[in-house]
Amino acid sequence: MFWGSLIMGCKVVRTVLLAVGLLNLYFYDVSVAFGFKRFRHPSKAHKAVVIQSEGWAQQRAGSPQSVSAQCTETEVIVSISSDLFGIRHPIQPSDLTLGGCGVTSQVSAPPTFVIEAPLQGCDSNVTMFTDEIVYNFTLEYNPSSIPGIPIMRTNPAVVQIECHYPRNHNVSSNALNPTWVPYTSTISGEDILGFSLDIMNSDWSGPSSSNTFYLGDLINLQASVDNTNHVPLRIFVDNCIASPASDGSAPTYPFIGNHGCFTDAQLTNSSSQFITPRVASSTLQFELDAFRFFDVPTSSIFITCNLTVTLASQSIDSLNKACSYIPGLSMWTSVDGSDWVCNCCDTNCVAGLPGRKKAGKRKQRPRRSALTIPAEWEKTLVVGPLFLKRKPRPVVVEHLAAAEDQQSGSSVLVLGSVLGILALAASTFLGFFLYRKQISN
């Protein structure tokens with residue numbers, strides 16, 4: 001009886017093991033054929049393709065890609081750098097949507113916004129192919145205007161996110177980096193002093209050769225005066241106004257005012273500044289962070305600046321100065337070293353002068369020093385048009401997960417092994433139970 005029970009138990013074990021093996025092979029084939037995964041992590045069967053299309057021409061050449069995607073069995077996880085275009089201007093999370101779905105979380109280091117969306121949600125589109133299934137999402141960036149400021153420094157952008165679930169298919173491409181050439185336009189005053197306002201190339205070695213800029217560029221401007229037949233002079237940029245039209249009609253944006261205060265960095269947290277030190281007293285260089293006007297269809301910009309000069313031997317004061325604002329330190333600095341002359345940049349530099357009447361009651365500009373300065377030592381010049389390039393340049397980047405396909409097969413094999421051990425234990429217990437029953441009988 002003992003041997004009969006043992007043989008019966010062995011038959012049961014063999015039958016169970018055979019069934020487990022067949023189930024193991026079945027589940028493995030199904031997982032390979034349909035790309036099923038038991039873990040959340042992505043694999044090569046889950047490919048995320050990021051297609052940067054509209055608005056990406058403003059990205060700096062060589063800037064790291066700032067949008068990445070990760071596809072899992074049930075959702076897509078999109079990570080967007082806060083410096084979306086790599087131009088040092090952080091974006092707001094409220095300006096990002098993925099098919100109408102907003103930012104779900106943020107990462108502090110590096111500053112990143114994350115959107116998690118289900119594969120069949122957030123206005124996704126599903127396309128069936130013979131060898132793959134593709135889920136398509138649209139990531140949109142629509143910059144909002146700065147309250148009270150008529151300019152903006154980023155273009156709208158559209159990024160296509162695709163989740164591919166192929167069997168034997170590979171999609172790859174090399175990243176394309178947009179390139180551009182900074183521009184200058186030169187207009188010289190025709191008076192005896194020879195005022196000029198030039199837009200220079202990137203290394204300040206000479207005028208630029210193109211009239212096209214991209215948001216994120218720094219526009220190099222140089223004000224100078226030819227004082228060959230004069231005693232040494234020092235030049236200042238008293239004020240500058242930008243406008244989409246050559247006649248200075250609205251909207252306008254004054255970015256230098258209050259007699260030499262470069263206010264753009266204070267108003268918009270930009271990188272605009274006067275260059276320190278001067279290359280000569282008769283030259284003043286400054287960088288303007290490129291921008292465009294909000295809700296204005298034209299991409300052209302004209303810059304109108306009022307230039308003034310004084311004797312180089314004359315001390316600078318609150319009416320003759322070149323002051324830059326440093327956002328990180330919340331302070332003003334002077335190109336010529338006496339920062340105290342910039343203290344009035346937050347108030348009114350004319351009203352603070354002793355012994356002067358209110359500026360609004362004077363028909364003429366206040367005299368700039370105790371010395372008599374001829375009227376010919378001031379000049380208003382216009383440069384432009386400058387064009388903000390907005391034509392999209394396609395950039396295709398593919399992000400593939402690092403995990404191997406064998407991980408899914410390994411997970412199924414491990415499950416089959418566990419079931420086999422449980423079946424062996426069950427059959428052994430059954431054989432022992434039958435043996436004890438025969439003995440008792």
Side-chain angles (χ1 to χ4, degrees), residues 50-60 63 65-69 78-108 110-117 122-123 137-161 178 213-219 241-245 249-255 263-272 288-301 325 327-328 330 386-393 395:
V50 179
I51 305 174
Q52 301 168 347
S53 54
E54 300 178 12
W56 231 260
Q58 71 184 69
Q59 188 176 34
R60 291 184 183 278
S63 298
Q65 300 302 327
S66 54
V67 178
S68 62
V78 183
S79 299
I80 308 103
S81 172
S82 63
D83 188 6
L84 178 61
F85 298 102
I87 57 174
R88 308 181 312 278
H89 290 291
I91 63 175
Q92 298 297 320
S94 58
D95 297 336
L96 291 169
T97 56
L98 184 71
C101 300
V103 173
T104 56
S105 62
Q106 300 185 28
V107 179
S108 57
T112 305
F113 306 123
V114 179
I115 301 178
E116 298 184 37
C122 298
D123 285 340
F137 298 83
T138 301
L139 175 66
E140 294 182 299
Y141 169 66
N142 291 303
S144 55
S145 61
I146 305 174
I149 304 298
I151 67 170
M152 55 197 315
R153 286 197 162 91
T154 55
N155 278 327
V158 176
V159 181
Q160 297 297 327
I161 308 292
F213 287 93
Y214 294 83
L215 297 182
D217 283 346
L218 290 175
I219 305 173
I241 295 177
S243 172
S249 58
T252 61
Y253 176 57
F255 56 89
T263 56
D264 181 63
Q266 185 184 38
L267 294 174
T268 66
N269 200 37
S270 70
S271 301
S272 301
L288 176 63
D289 217 330
F291 59 85
R292 66 182 180 87
F293 283 91
F294 189 74
D295 279 343
V296 175
T298 179
S299 63
S300 62
I301 291 180
Y325 184 79
S330 298
L386 313 180
F387 294 99
L388 272 298
K389 188 74 172 179
R390 299 181 60 184
K391 182 179 180 181
R393 189 185 301 266
V395 179

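A side-chain donor-acceptor contact under 3.5 Å links Thr138 and Gln160. Using a 3.5 Å distance cut-off with no hydrogens or angles, the side chains of Ser272 and Asp264 do pair a donor with an acceptor.
From Phe387, atom CZ reaches atom CZ of Arg292 across 15.5 Å, with rounding to the nearest 0.5 Å. Here CD1 of Ile91 is found 7.0 Å from OG of Ser82. Values are rounded to the nearest 0.5 Å. Taking OG of Ser145 as the start and CD1 of Ile151 as the end, the distance is 11.5 Å to the nearest 0.5 Å. From Thr112, atom OG1 reaches atom CG of Leu84 across 11.0 Å, with rounding to the nearest 0.5 Å. One finds the CE atom of Met152 at 11.5 Å from the CG atom of Leu388 (value rounded to the nearest 0.5 Å). A distance of 11.0 Å separates CG of Leu139 from SG of Cys101, quoted to the nearest 0.5 Å.
A donor-acceptor pair under 3.5 Å links the side-chain atoms of Thr263 to the main chain of Phe255, judged by distance alone. Judged by distance alone, the side chain of Arg153 and the main-chain N or O of Asp289 form a donor-acceptor pair under 3.5 Å.
Minimum interatomic distance between Val67 and Ile161 (heavy atoms only, all atoms of both residues): CG1-CD1, 4.2 Å. Taking both residues in full, the closest heavy atoms of Cys122 and Leu98 are given as CB-O, 3.3 Å, listed atom of the first, atom of the second, then distance. Pairing each heavy atom of Pro251 with each of Pro244, the nearest pair is O-CD, 3.1 Å. Between Pro150 and Thr252, the shortest heavy-atom distance links the atoms CG-O, 3.7 Å. Closest of all the heavy-atom pairs between Ser270 and Ala265 is OG-CA, 3.4 Å. In terms of heavy atoms, Glu116 sits closest to Thr104 at N-OG1, 3.3 Å.
For Tyr253, the ring pair (Phe, Tyr, Trp, His ring centres under 6.0 Å) criterion is met by Phe291, not counting sequence neighbours.
Looking at Asn155, Thr154, Thr97 one by one, the single match for side-chain hydrogen bond (donor to acceptor under 3.5 Å, both in side chains) with Tyr141 turns out to be Thr154.
Residues Phe85 and Tyr214 fail the side-chain proximity criterion, which asks for heavy atoms closer than 4.5 Å. Residues Tyr325 and Ser330 meet the side-chain proximity criterion, which asks for heavy atoms closer than 4.5 Å. Between Val78 and Phe137, the closest side-chain pair of non-hydrogen atoms is not below 4.5 Å. Contact check for Pro156 versus Pro143: side-chain heavy atoms found under the 4.5 Å cut-off. Val103 has its side chain within reach of Ile115: a pair of non-hydrogen atoms, C-beta onward, lies under 4.5 Å apart. Ile149 has its side chain within reach of Thr268: a pair of non-hydrogen atoms, C-beta onward, lies under 4.5 Å apart.
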Q: Report the C-alpha separation of Phe293 and Ile301 in whole Å, then their side-chain angles, then the decisive distance to 0.1 Å, and conclude whether the side chain to side chain contact (heavy atoms under 4.5 Å, CB included) test is met.
A: CA-CA 9 Å; Phe293 283 91; Ile301 291 180; 4.2 Å; yes

